[in-house]
Amino acid sequence: MNDKKNELKIEVSPEVAGGHFSNLALINHSPTEFFLDFIAMAPGIPQARVQSRIIMTPEHAKNLLAALSDNIRKYEATFGEIKQKFPKNVNGMNGNPGEIPNPFISGGMA
């Protein structure tokens with residue numbers, strides 16, 4: 001069987017190769033698309049701009065979830081568990097110590 005036939009060549013332009021840092025993501029959906037807005041927020045600045053928006057079908061969003069989960073599992077098998085960071089001696093949301101918002105879940109908590 002010819003493996004070259006199934007090979008996909010992907011090219012990344014220099015502009016895209018630099019990437020965008022994101023520490024906040026907003027995810028919304030319609031019946032036919034998922035919208036992922038990636039944002040970089042700076043501490044103490046109440047305004048931020050969307051750095052990149054990705055729009056995908058529900059099927060592709062589910063495939064992305066599975067691929068990300070698989071990659072996190074492989075990362076943790078190699079480097080150890082990824083642990084959430086919580087502030088010490090600081091009251092978070094609702095006065096609970098260490099309870100901080102999860103920036104990747106709408107209304108979610110870390």
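Only a predicted model underlies this, so the values are computations on that prediction, with no experimental measurement involved.
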Return the CD1 to CZ distance between Ile27 and Phe38, rounded to the nearest 0.5 Å. 7.0 Å

Donor-acceptor under 3.5 Å (Gln51 side chain, Phe21 main chain): no

Rounded to the nearest 0.5 Å, how far apart are NE2 of His29 and CG of Leu36? 12.0 Å

For the atom pair CZ (Phe34) and CD1 (Ile55), what is the distance rounded to the nearest 0.5 Å? 13.0 Å

If I take atom CG from residue Leu68 and atom CG from residue Asn63, how far apart are they, to the nearest 0.5 angstrom? 12.5 Å

Decide whether Ile82 and Phe79 are clustered together by the hydrophobic rule: side chain heavy atoms of Ile, Leu, Val, Met, Phe, Trp, Tyr closer than 4.5 Å, transitively. yes

Looking only at heavy atoms, what is the nearest atom pair of Arg53 and Val50, with distance? N-CG1, 4.3 Å

Taking all non-hydrogen atoms of both residues, which atom of Ala40 and which atom of Ala48 are closest, and how far apart? O-CB, 3.8 Å

Asn71 side chain to Ala67 backbone, donor-acceptor under 3.5 Å: yes

Would you please test Leu64 and Ile54 for side-chain contact (heavy atoms from CB on, under 4.5 Å) and show each step? CA-CA 12 Å; Leu64 174 63; Ile54 306 297; over 6 Å; no

Euclidean distance, Met56 CE relative to Thr32 OG1, rounded to 0.5 Å: 13.5 Å

Is a side-chain N or O of Ser22 found less than 3.5 angstrom from the main chain of Ile39, in a donor-acceptor match? yes

Between the main-chain N or O of Phe35 and the side-chain N or O of Asn28, is there a donor-acceptor pair closer than 3.5 Å? no

